[in-house]
Amino acid sequence: MTAKTLYDKLWDAHVVRDNGDGSALIYIDRHLVHEVTSPQAFDGLRLNGRKPWRLQANLAVADHNVPTTDRSAGIADPISRTQVDALDSNCAEFGITEFRMNDLRQGIVHVIGPEQGATLPGMTVVCGDSHTSTHGAFGALAFGIGTSEVEHALATQTLVLKKSKNMRITVRGQVAPGITAKDIVLAIIGEIGTAGGTGYTVEFAGEAIRALTMEGRMTVCNMAIEGGARAGLIAVDDTTIEYVKGRPFSPKGENLDKAIAWWKTLHSDEGVKFDREVVIDAASIQPQVTWGTSPEMVLPVAARVPDPAQVADPVKRSGMEKALAYMGLKANTPIEQIVIDKVFIGSCTNSRIEDLRAAASVVKGKQKAANVKLAMVVPGSGLVKAQAEKEGLDRVFKDAGFEWREPGCSMCLAMNADRLEPGERCASTSNRNFEGRQGQGGRTHLVSPAMAAAAGIAGHFVDVRNFS
Amino acid sequence: MKAFTQVSSKVAPLDRPNVDTDAIIPKQYLKSIQRTGFGQYLFDDWRYLDAGDLDIPVAKRRPNPEFVLNRPEHRGAQILVSRENFGCGSSREHAVWALDDYGFRAVIAPSYADIFFNNSFKNGLLPVILRPDEVQAIFERVAANPAAAITIDLPAQKVVLPDGRAFGFEIDAFRKDCLVRGLDEIGLTLQHAGAIRAYEARRKIEAPWLFA
């Protein structure tokens, strides 16, 4: 038998039909639905008199628009409310399972899928959201789609896809103490660039990746898209299987045994050839901070803001100049001297229990800096929130002057009321530092939860490893 | 879907790499549950000097006279030319709907992010890939004469400049066929409903937990 990559195996297991023109009809096992990218797809179904092909394959939740403050009176913004109401009524009309806003299981779609066992190894998982790559942490082929494909997946349980190329990114050796999954993935993006993974499915491998918990692996795969790869993957191992067992949607009994037998084959074969290999030395990775308006504009916290004058390529130089102007930063400023206004701990990248524990351990017994106007912690789901409260993390945050909120996407993209004002600078655990992403004119620096927490206490960026 | 064969138009030059979909259509407009009406908000943060939202009429806002789409010489352009990694970031198809609703029929760039590229084909917007030096030639051409039209000929797979220079481009055969004929992909897929059912029957035996 020819050696296959993990991606090859997942692809082959889901081919319904080879179209003979380089594309194939690929079966979709799980379709996650949220309120922003689905209303026009449901309209399309109605317009053409179509129904969802297989209802049980779908799971819906409202996350982008939901308030993170008191929800008992519903959503104040009428436009946001209309969109969430549309999801509720579409799911009711078509018979799709939905966790509504006040359900304890509600949360960010990429947090609740794995939490519920709705994401399983070996599945194809799609969602009208680019951060669907998160689910690749389970050895599932998971990628974001547009609304036309949401409609296609609903109507046919398939997508017409062209196979992408195979890339492996090996993070060799062990990371230094205090280095997190977020630092690993930001360092990878800094290395390959935001378009480095375009056209590829990227498998993350190596000792440093294997050592990560499922939460950490999800953080890494979540940001595969920020490196241009629509899908990221990590091979299944005991860590994966232990995480999946016993969740509400996970297989049980005989089905579980059968599933595990297959899941254990979900890794790239020995000696298989990848179209591109990248190797990164784990020991070289330091706490990362982005300085610009693209995730590839990232440096170790001990570095200085780069100088565009040192860059020869005119397109790249002008991009850097625009980024520095937008970010209000001067070349050669030490990153540790950048003063922040707000802290956001949350998003599908970093809102899981482990992230909250890491941030809480930094702020415990300390106080938010006076210059920090707002530091908010937004758990990824109602269940993450409940777990954190059981461990007393909410008290730790509140005692330090951080706000403790209800679950949702929140200030990662500022579709709800949580946003930056023009010119405000934020230490954020989210995934995109694009212009205006967290609010028009807002300035985003992407960091790990521990680094965001430390910045909130110090009032500026600091190396969390030297912070006490 | 709207068919695409040939478009001749002047070109709007957006000279920056990594134009992300947040820039193409900012988040506040994604709250709309319609598929149309996004053109007025295309590149909103760059195009207007004041903040906008769905409930603020654009007629009352202050356009940024410096922004390329607001310059009189680029009004009515149906072709947008930009730099590498166009459409990166969020999967929002609203970005394609906004470009289409504004009146663009095609984008020319050296490379695109995968999801944006894919979404374009579902909406009759043609993302043309040319070499960086060819894209540079178009930028220079537009700078020299903004009124000059270039032609994108999809069946012939070429971009023809006003001086007669032609740049060929590659396109996947299936996507080209769907665009040229304006085909509905869901309808095409449902012609294979039997194959989908046969796959499901097989998987129910191999992987019963997926259907439990």
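Numbered from 1 within each chain, the chains take letters A, B, ... in sequence-line order. Bear in mind the structure is a predicted one, so any value in this text is a computation, not a measurement.
- With a threshold of 4.5 angstrom between heavy atoms, A:Val84 does not approach chain B through any atom at all.
- Of the atoms belonging to A:Lys322, it is side-chain heavy atoms, and not backbone ones, that fall under 4.5 Å from chain B.
- Taking both residues in full, the closest heavy atoms of A:Gly439 and B:Lys27 are given as N-NZ, 3.4 Å, listed atom of the first, atom of the second, then distance.
- With chain A as partner, the option from B:Asp15, B:Ile186, B:Asp55 having the largest number of non-hydrogen pairs under 4.5 angstrom is B:Ile186.
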CA sep, side-chain torsions, deciding dist, call: B:Trp209, A:Leu120, side-chain contact (heavy atoms from CB on, under 4.5 Å):
CA-CA 10 Å; B:Trp209 65 90; A:Leu120 295 173; 3.9 Å; yes
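- Only the side chain of B:Glu84 comes within less than 4.5 Å of a heavy atom of chain A; its backbone N, CA, C and O stay farther away.
- Counting non-hydrogen atoms of neighbouring residues, nucleotides and ligands closer than 6.0 angstrom, the CZ atom of B:Arg71 exceeds 12 such neighbours.
- The contact between A:Leu413 and chain B is made by backbone and side chain atoms together, counting heavy-atom distances below 4.5 Å.
- For chain B, the nearby part of A:Leu25 is the side chain; its heavy atoms alone come within less than 4.5 Å.
- A salt bridge links B:Asp184 with A:Arg50: at least one charged nitrogen is closer than 4.0 Å to a carboxylate oxygen.
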Please step through side-chain hydrogen bond (donor to acceptor under 3.5 Å, both in side chains) for the pair A:Trp262 and B:Glu206, ending with a clear verdict. CA-CA 9 Å; A:Trp262 186 51; B:Glu206 288 172 358; over 6 Å; no
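- Proximity to chain A involves both the backbone and the side chain of B:Ala51, based on heavy atoms less than 4.5 angstrom apart.
- When each of B:Ile33, B:Asp172, B:Thr21 is scored by its heavy-atom pairs under 4.5 Å with chain A, the top score falls to B:Ile33.
- Ranked by heavy-atom pairs under 4.5 Å with chain B, the list A:Gly319, A:Ala86, A:Gly199, A:Gly22 is led by A:Gly199.
- For A:Arg54, the part lying near chain B is the side chain, with the backbone staying farther off; criterion is any non-hydrogen pair under 4.5 Å.
- Of all the listed residues (B:Gly89, B:Ala95, B:Pro26), the one sharing the greatest number of non-hydrogen pairs under 4.5 Å with chain A is B:Gly89.
- Both the backbone and the side chain of B:Ala193 come within less than 4.5 Å of a heavy atom of chain A.
- Residues B:His94 and A:Thr37 come closest through the heavy atom pair CE1-CG2, 4.4 Å.
- The two residues B:Ile205 and A:Lys258 come nearest to each other via the heavy atoms O-NZ, 3.0 Å.
- Between chain A and the options B:Asn123, B:Leu188, B:Asn119, the largest number of non-hydrogen pairs under 4.5 Å is found for B:Asn119.
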| request: For side-chain contact (heavy atoms from CB on, under 4.5 Å), just list the numbers for B:Asn85 and A:Thr194, CA-CA rounded to whole Å, side-chain angles, deciding distance to a tenth of an Å, and then say yes or no. | output: CA-CA 8 Å; B:Asn85 201 28; A:Thr194 46; 3.5 Å; yes
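- For a residue to count as touching a neighbouring chain, one of its non-hydrogen atoms must lie under 4.5 Å from one of that chain's; by this rule B:Glu185 touches chain A with backbone and side chain alike.
- The structure places CG of B:Asn118 at 9.5 Å from CD1 of A:Ile145, a figure rounded to the nearest 0.5 Å.
- In this structure, chain A has heavy atoms under 4.5 Å from both the backbone and the side chain of B:Phe211.
- For the side-chain hydrogen bond (donor to acceptor under 3.5 Å, both in side chains) with A:Gln440, the qualifying choice from B:Asp45, B:Asp44, B:Asp53 is B:Asp45, the only one to do so.
- Counting only residues at least two apart or on different chains, the side chain to side chain donor-acceptor pair (under 3.5 Å) pairs with a member in residues 150-161 of chain A are A:His152-A:Thr156, A:His152-B:Thr189, A:Thr156-A:Thr158.
- Within the 4.5 Å cutoff, the side chain of B:Phe174 has no heavy atoms near those of the A:Asn19 side chain.
- Listed here is the closest heavy atom pair of A:Gly146 and B:Ile115: N-CG2, 4.3 Å.
- Here the CG atom belonging to B:Asn18 is positioned 11.5 Å from the CD atom belonging to A:Glu435, to the nearest 0.5 angstrom.
- Chosen from B:Gln34, B:Arg83, B:Gln28, the residue pairing most often with chain A at heavy-atom distances under 4.5 Å is B:Gln34.
- Both the backbone and the side chain of A:Ala155 have a heavy atom closer than 4.5 Å to some heavy atom of chain B.
- When A:Ser318, A:Ala414, A:Ala57, A:Ser23 are compared by the number of non-hydrogen pairs under 4.5 Å with chain B, A:Ala414 comes out ahead.
- Every side-chain contact (heavy atoms from CB on, under 4.5 Å) that B:Ala195 has, sequence neighbours left out, goes to A:Val16, B:His192.
- The minimum heavy-atom distance between A:Ser148 and B:Arg35, with the atom names listed, is OG-NH2, 3.0 Å.
- Proximity to chain B (any heavy atom under 4.5 Å) is shown, for A:Asp21, by both the backbone and the side chain.
- Put simply, OG on B:Ser32 and CD on A:Gln40 are 6.5 Å apart, with the number rounded to the nearest 0.5 Å.
- Among B:Lys122, B:Glu200, B:Arg175, the residue making the largest number of heavy-atom pairs under 4.5 Å with chain A is B:Glu200.
- Taking a cutoff of 4.0 Å between a charged side-chain nitrogen and a carboxylate oxygen, B:Lys31 and A:Asp77 qualify as a salt bridge.
- Each of A:Ser80, A:Gly44, A:Pro78, A:Pro422 has some count of heavy-atom pairs under 4.5 Å with chain B, and the biggest count is that of A:Ser80.
- Contact annotation for A:His131: neither backbone nor side-chain heavy atoms come within less than 4.5 Å of a heavy atom of chain B.
- Only the backbone of B:Asp50 comes within contact range of chain A, judged by heavy atoms closer than 4.5 Å.
- Contact of the A:His14 side chain with the B:Tyr199 side chain is registered, since non-hydrogen atoms from C-beta on lie closer than 4.5 Å.
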Kindly indicate, with the supporting measurements, whether the criterion side-chain contact (heavy atoms from CB on, under 4.5 Å) is fulfilled by A:Arg432 and B:Asp20. CA-CA 10 Å; A:Arg432 291 191 173 129; B:Asp20 61 74; over 6 Å; no
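- Residues B:Ser90 and A:Arg437 bring no donor and acceptor atom of their side chains to less than 3.5 Å of each other.
- If you tally non-hydrogen atom pairs under 4.5 Å between each of A:Thr82, A:Val160, A:Asp43 and chain B, the highest count goes to A:Val160.
- Taking each heavy atom of A:Asn255 and B:Pro208 in turn, the nearest pair found is OD1-CG, 3.3 Å.
- Atom NZ of B:Lys60 has 12 or fewer heavy atoms from other residues, nucleotides or ligands within 6.0 Å.
- Residue A:Lys252: no heavy atom, backbone or side chain, is found under 4.5 Å from chain B.
- Taking A:Ala259, A:Ala195, A:Pro39 one by one and counting their heavy-atom pairs under 4.5 Å with chain B, the maximum is reached by A:Ala259.
- With rounding to the nearest 0.5 Å, the separation of OH in A:Tyr27 from CZ in B:Arg202 is 11.5 Å.
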*Test side-chain contact (heavy atoms from CB on, under 4.5 Å) applied to A:Met415 and B:Leu30, step by step*: CA-CA 8 Å; A:Met415 273 191 82; B:Leu30 311 190; 3.8 Å; yes
